[in-house]
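A note on names: the letters A, B, ... follow the listed sequences, proteins ahead of strands, and every chain is numbered from 1. Keep in mind that what you see is a predicted model, and the values were worked out from it rather than measured.
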Amino acid sequence: MSEDGPVPGRAVLLCEALVVPKGRAAECEDAHAWNAHRAAVCDGASRAFASGRWAALLARTFLVTALDGPDPSGAQVLDRWLHESRGLWAEQTAQTAEVPVYIRGALARGSAATFVGVDTRDVSSTRAGTGPLMEYRAFAVGDSCLFHLREGRPTVLFPLDRPDRFDTHPDLVPTRAEVLESLAPVLRITEGACGPDDVLLLMTDALAQWALEAAAESGSTVWTFLEHASRDEFDVRVRELRASRAMKEDDVSLVRCRAVATARAAARTPAQAS
Amino acid sequence: MYEQEISRRNPGCFLFLLDQSYSMGAPISGSPAPKASALAAMINELLYAVVLECTKDFQELPRHYFDVGVIGYSGNGVRPLLPGTSRRRALVPVHAYAGTGRPVEHSRTLRRADGSVEHEQTTVPEWIQPLNLGWTPMCEALGMAYKVLRGWVKEHRSSFPPIVLNITDGQATDGDPRGPARRLTRLETGDGRILLFNLHLSEAQGTPMSFPVLAPTEVPQAELLFEMSSALPGSLVQASGYGGRIAPGARGFVFNGGATALMDFLRIGTSTTSLIGEH
């Protein structure tokens, strides 16, 4: 669906990331990446080995993998991404004999992460009047979420739309094929279109669950906050919410994406990854 | 109570008390292996599982989420068994013992879904050797546990309380263990009293009595171990995945346990490994 690099005169994604690790920044298990057409957020499973590395690898690989499997609209569409990610993981984690036994053991148990990604297609040239700039497909495994806001209100809550749907055992993208050969049983897909007044919010589970709880209790103010909060405001609020136990103690990542015309965005939308 | 997340700031603690007396040389129910061998194998497996839970990246040692100790009691006396431990320092952080196990080759046969068979060779560390020798000084072992953990609870007031897992196949030969057990379980952190769970291993075929709510008054030895055992906190039962199979108020106690019961007992007793929250 996407192409490499922005083309002048067309619509692209303009993204920014707000991250508040639960502990040391170097141990953050969340990862995000974006380019002009795709964005992804991943949350490494806390109990897994090197899950922050796996999350980062998944997010980065999502930007560059062709999403055109045998059935482009089917659940197997991301299996090539999974396969390539696993290949890179195997290369990067190839160990020598000097590694302690327990590192080899931890590697053998594998790693895992949740994932939400969005792949967009520029439709600005076909828009009439106030039509959409971009169409998108969003993919999710587990409880990392994409919330699509239009004029400050949610139009898509994906893949989870209620706070009570979060639990402690979300579906995961594992490194080991023996655990899950194909993503088909766990992959969720949705589609949508966004215009100049829309924002796509990709986020990890603690923030998503809190947002859905806050929206149920006090309406749209939470969406205004997520759409407009500055980095400092966001950081302070997340720490307050954790301290008051209104938000669970977890890494928090938010990636805000807007569809914009490239004349304005081209110079400001380099590929990003963490 | 019993809700504190495990973290480097508030680590947890496991202390295993292993009966290594002569009778542990008899086969364990449900397996041809001697009780001492089955117990050593499962403790090694568990020690390794704890290491793996704490291993988070290539460039760092296993994180200090737990302090761990293993105390054996037998005709050799009562002594800490983990490499690098001593009577004065019977507990060590996970990273201190992680690299000290003797590497042992294990092979297993895997049957694939397509019917093919694959042999897998893995290396696992072994810290504890089987032993079966002499008497059963359980009271002394509980006394050493008290001394070891008295300091630990003072230094870790905010931590989930230590879990002591006592595995035996007989009666104490050095007195009535209920007194030392009571003294031990009066120790506490701000999150609750020390938890003492007891498992009685058997060589007899028969249904084990697992996690009873009421005292088994018909067997005096079972009643005694029941009295010594702490109630299982709901948080542990849930964390272990045994919710629904264990009644509320059940004691951390198994009588006439075989290999399977031992595995369940250890799994439940160490399920705070899934309460690791970070930091």
Side-chain angles (χ1 to χ4, degrees), chain A residues 20-30 43-57 89 91-113 167-169 176-182 204 206 242 245 247-252, chain B residues 3-10 44-45 47-63 65 94-106 108 110-114 118 120-127 235 238-239 241 243 271-279:
Chain A
V20 187
K22 66 190 169 192
R24 303 165 198 178
E27 294 175 359
C28 180
E29 288 154 349
D30 284 0
D43 180 356
S46 291
R47 292 186 67 186
F49 176 68
S51 64
R53 290 171 188 262
W54 174 236
L57 192 151
W89 174 259
E91 280 175 27
Q92 292 179 12
T93 59
Q95 296 295 309
T96 60
E98 291 81 54
V99 166
V101 168
Y102 59 84
I103 292 284
R104 274 183 274 157
L107 256 178
R109 291 211 312 181
S111 196
D167 63 31
T168 52
H169 299 288
R176 294 176 59 205
E178 302 93 311
V179 177
L180 189 70
E181 180 74 37
S182 163
T204 46
R242 283 179 187 153
R245 297 182 179 259
M247 182 185 289
K248 75 173 179 178
E249 187 82 16
D250 198 359
D251 294 324
V252 163
Chain B
E3 295 293 340
Q4 179 61 54
E5 225 174 48
I6 306 293
S7 66
R8 280 170 283 189
R9 199 182 308 142
N10 297 310
N44 281 320
E45 202 175 299
L47 291 169
Y48 190 35
V50 174
V51 170
L52 294 180
E53 285 291 343
C54 298
T55 301
K56 295 299 176 187
D57 213 326
F58 300 94
Q59 272 96 37
E60 57 174 303
L61 289 168
R63 293 183 186 170
Y65 291 134
V94 171
H95 59 79
Y97 81 81
T100 64
R102 187 173 67 94
V104 177
E105 295 291 324
H106 275 203
R108 60 177 183 155
L110 303 170
R111 275 183 206 287
R112 301 263 176 232
D114 63 5
E118 200 173 293
E120 188 182 73
Q121 195 82 12
T122 57
T123 306
V124 295
E126 195 177 86
W127 293 273
S235 57
Q238 290 305 320
S271 58
T272 45
T273 50
S274 65
L275 300 180
I276 293 173
E278 157 3 356
H279 306 301

Taking the side chain from B:Lys56 and the backbone from A:Ser46, do they hold a donor-acceptor pair closer than 3.5 Å? yes
Which atom pair, heavy atoms only, marks the closest approach of B:Val124 to A:Val101?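 For B:Val124 versus A:Val101, the nearest heavy atoms are CA-CG1, 4.3 Å.
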Flag the one option from B:Gly101, B:Ala98, B:Pro103 with the top tally of heavy-atom pairs under 4.5 Å to chain A. B:Ala98
Below 4.5 Å, heavy atoms only, C-beta onward: do B:Phe58 and A:Val99 meet side chain to side chain?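 Side-chain contact under 4.5 Å: no.
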Could you tell me the separation between the OH atom of A:Tyr102 and the CG atom of B:Leu47, rounded to the nearest 0.5 Å?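 These two atoms lie 14.5 Å from each other.
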Given a strict heavy-atom distance threshold of 4.5 Å, which part of A:Ser111 is in contact with chain B: side chain, backbone, both, or neither? neither
Contact class of A:Ala48 relative to chain B, heavy atoms under 4.5 angstrom: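 Interface part for A:Ala48: backbone (N, CA, C, O).
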Residues that A:Arg109 engages under side-chain contact (heavy atoms from CB on, under 4.5 Å), provided they are two or more places apart: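 Testing A:Arg109 for side-chain contact (heavy atoms from CB on, under 4.5 Å), a comparison that skips the adjacent residues, returns B:Leu52, B:Glu53.
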Among A:Glu178, A:Arg53, A:Glu29, which residue forms the greatest number of heavy-atom pairs with chain B at distances under 4.5 Å?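 Maximum pair count with chain B is reached by A:Arg53.
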